[in-house]
Amino acid sequence: MFALVDCNNFYASCERVFQPKLEGRPIVVLSNNDGCVIARSNEAKALGIEMGAAYFKVEKDLRRMGVAVFSSNYALYGDLSRRVMQVLATYAPTLEVYSIDECFLDLTGMKRDLTAYGLEIAQTVRKWTGIPVSVGIAQTKTLAKVANRMAKKGKSPAGPVLEWSTLASPRDALAALPVEDVWGIAGRWGARLRALGIANAQALAEADPMRLRKLFGVVMERTCRELGGVSCLPLELVPPPRKQIMVSRSFGEKLHKLDDLMAAVTAFATRAGEKLRAQRMRARAVSVFVHTSPFDKSGQHYANSATAGLDKPTRDSGILITCAVQGLERIYHEGYAYQRAGVMLLDLAPENAEQGLLFAETPGDTGRSNRLMDALDRINRTRGRGAVHYAGEGLGERWRMRQKLKSAASTTGWAGLPAVRA
DNA sequence: TCTGGGGTCCTAGGACCC
DNA sequence: TCTGGGGTCCTAGGACCC
């Protein structure tokens with residue numbers, strides 16, 4: 001038995017925790033670079049604001065309708081997410097943190113009334129963290145997703161909780177769910193399923209799983225069986241090790257010069273190195289990419305990437321930066337208005353797994369390098385990210401994101417600590 | 001002026017092995 | 001009339017998730 005706990009309008013709810021005067025008011029949160037709308041409170045959804053709407057197109061409307069607008073504040077969301085998960089961990093023997101705002105709990109063998117248990121979970125999370133959540137409970141993950149969605153839309157008599165087995169007619173519930181709203185199915189597959197006469201979740205549940213496997217593959221077969229109540233997707237208790245690490249950003253303004261791109265790529269490679277070491281891994285390949293804006297109608301478009309393999313896996317930011325910048329020099333061409341760049345670390349291996357090499361042309365990480373990286377990470381952890389950084393990042397920061405509307409880091413930085421007056 | 005940033009899995013096909 | 005049988009690895013592309 002699975003419970004899916006999903007935070008309601010998570011980013012918008014996070015902003016509200018430290019600005020309670022926004023209770024009942026429409027809120028939207030913007031993507032990085034203040035590009036487009038990525039989260040909306042219920043009030044904002046009711047106003048018809050679209051997910052993914054470009055901010056510069058809807059900015060006036062938002063102001064006219066009195067919508068509170070925020071740049072995204074991942075320090076805040078990440079920390080509140082951690083707190084929510086901490087509370088949830090006290091309610092089940094095992095759980096899978098599925099995303100920043102979702103968690104599956106294992107409720108198998110629970111002797112209690114599950115709806116009441118779900119309500120207790122929702123109330124406690126709200127009380128202890130300020131974040132409202134919905135809970136879906138069912139015998140498969142896919143059905144728990146459906147139940148959660150219904151609870152969130154106010155279609156459960158128990159309010160924020162819906163236990164699948166209490167439904168008078170689960171068939172009707174599935175029939176009312178458009179097929180592309182089923183977990184694991186989106187536009188492309190939705191269209192193909194509709195062409196086969198499968199338009200809703202009930203039709204998919206009743207379809208022949210072997211036929212679906214032939215037409216779509218094993219993923220669709222599993223979804224079909226899960227809707228029918230046969231569990232095919234177990235809880236993933238330990239997150240599998242990362243296979244790649246990516247850091248990329250759109251620039252605050254378009255970049256033209258190699259120097260500016262080099263500063264950005266250096267910063268991205270540095271950040272990627274930090275993530276890599278946090279995962280206790282080394283990388284055997286580094287890839288860098290750049291491209292112009294896909295929305296630009298006047299200028300010439302250009303996109304390219306370069307990948308370099310390393311003889312020995314590394315966790316040294318200096319080596320990662322060198323690789324990334326050399327790749328950049330190979331793909332950079334003058335005359336373009338670059339909008340975005342990124343660095344990817346590939347072919348990752350555990351830090352402690354040492355593969356010997358007969359004809360290595362470059363040395364692996366030395367003890368000195370390892371100690372240097374650990375010291376860097378320690379300083380930046382205690383003094384704030386970027387307290388020490390590579391000179392190649394430069395000081396110009398022309399590439400930095402726009403984030404005009406960011407709230408304080410209320411839970412992770414002294415400067416953002418809320419003041420309370422009695 | 002202005003449109004996000006991460007990830008994963010599966011499959012098919014080609015190249016190769018004995 | 002007739003062409004063996006069983007594998008692996010790698011990559012590109014397509015689909016999906018939040």
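Throughout, a chain's letter reflects where its sequence line sits, starting with A, and its residues are numbered from 1. Below, all heavy atoms of this structure are taken into account, side chains as well, without hydrogens, waters or symmetry copies.
A 4.5 Å side-chain heavy-atom check between A:Thr223 and A:Trp183 finds every atom pair outside the cut-off. Within the 4.5 Å cutoff, no side-chain heavy atoms of A:Glu96 are placed close to those of A:Leu237. At least one side-chain heavy atom of A:Phe2 sits under 4.5 Å from a side-chain heavy atom of A:Ser231. Here the side chains of A:Leu215 and A:Leu196 are in contact, with some heavy-atom distance below 4.5 Å.
Along DNA chain B, the nucleotide nearest to A:Lys275 and the one nearest to A:Lys243 differ in position, and the one closer to the 5' end is contacted by A:Lys275. Nearest-nucleotide assignment on DNA chain B puts the 5′-proximal partner with A:Asn33, out of A:Asn33 and A:Pro241.
Counting any heavy atom pair closer than 4.0 Å across all strands shown, A:Glu59 reaches no nucleic acid atom. Residue contacts for A:Tyr98: at a heavy-atom cut-off of 4.0 Å it reaches the sugar-phosphate backbone alone, with no base atom in range. Across all strands shown, A:Lys404 has no heavy atoms under 4.0 Å from either base or sugar-phosphate atoms. A:Leu30 comes within 4.0 angstrom of no nucleic acid atom, judged by non-hydrogen atoms across all strands. Nucleic acid contact class of A:Asp34 (heavy atoms, under 4.0 Å, all strands): none.
Not one side-chain nitrogen or oxygen of A:Lys297 sits closer than 4.0 Å to the OP1 or OP2 atom of B:dC2. Side-chain N/O atoms of A:Lys254 include one lying less than 4.0 angstrom from OP1 or OP2 on B:dT3. Checking the phosphate oxygens (OP1, OP2) of B:dG5, a side-chain nitrogen or oxygen of A:Arg340 falls inside 4.0 Å. For the pair A:Ser248 and B:dG6, the criterion of a side-chain N or O lying under 4.0 Å from OP1 or OP2 is met. A close approach under 4.0 Å does not occur between any side-chain nitrogen or oxygen of A:Arg222 and OP1 or OP2 of B:dC9.
Atom-to-atom, CE of A:Met344 to P of B:dG6 comes out at 10 Å; the value is rounded to the nearest Å. As rounded to whole Å, 18 Å separates atom P of B:dT3 from atom CE of A:Met51. In this structure, A:Leu346 places its CG atom 15 Å from C1' of C:dC10, rounding to the nearest Å. Per the geometry, CG belonging to A:Leu255 stands 12 Å off P belonging to B:dC2, to the nearest Å.
With a 6.0 Å cutoff to the six-membered ring centre and a 45° limit on the axis angle, A:Lys254 does not count as a cation-pi contact of A:Tyr338. For the pair A:Arg340 and A:Phe251, the cation-pi test (distance below 6.0 Å, angle within 45°) is failed.
The aromatic rings of A:His291 and A:Phe289 lie parallel to each other, their planes meeting at an angle below 30°, with 60° marking the opposite boundary.
Proximity note for A:Ile245 (side chain, C-beta onward) versus B:dC2, C:dA15, B:dG7: the nearest is B:dG7. The A:Arg249 side chain lies nearest to B:dG5 when the options are B:dG5, C:dC16, C:dC18. For A:Val247, taking side-chain heavy atoms from C-beta onward, the closest of the listed nucleotides B:dT3, C:dC18, B:dG6 is B:dG6. Checked against B:dC9, C:dC18, C:dC16, the side chain of A:Trp183 finds its nearest nucleotide in C:dC18. Comparing B:dT3, B:dG7, B:dG4 by their nearest atom to the side chain of A:Lys57 picks out B:dT3. Candidate nucleotides C:dC16, B:dT3, B:dT8 were compared by shortest atom distance to the side chain of A:Arg242, and B:dT8 ranks first. Residue A:Gln339 has its side chain nearest to B:dG4 when only C:dC18, B:dG4, B:dC2 are considered. Each of B:dG5, C:dC17, C:dA15 was ranked by its minimum atom distance to the side chain of A:Trp189; first place goes to C:dA15. Here B:dC10 is the nucleotide among C:dC18, B:dG5, B:dC10 with the atom lying nearest to any side-chain atom of A:Val218. Nearest nucleotide to the side chain of A:Gln244, out of C:dC16, B:dG7, C:dC18: B:dG7.
Between A:Tyr74 and A:Tyr11, the ring center distance clears the sub-6.0 Å criterion.
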| task | Start with the C-alpha distance between A:Glu393 and A:Arg400, add both sets of side-chain angles, then the distance that settles salt bridge (charged side-chain N to carboxylate O under 4.0 Å, His left out), and finish with yes or no. | result | CA-CA 11 Å; A:Glu393 266 188 51; A:Arg400 292 269 179 211; 3.6 Å; yes
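Look at the C1' atom in both C:dC17 and B:dG4: the space between them is 15 Å, to the nearest Å.
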| message | Once pairs are restricted to Watson-Crick or G-U wobble with both distances under 3.5 Å, how does DNA chain C read as a dot-bracket string, [ ] for crossings and | for other-strand pairs? | response | ....||||||||||||||
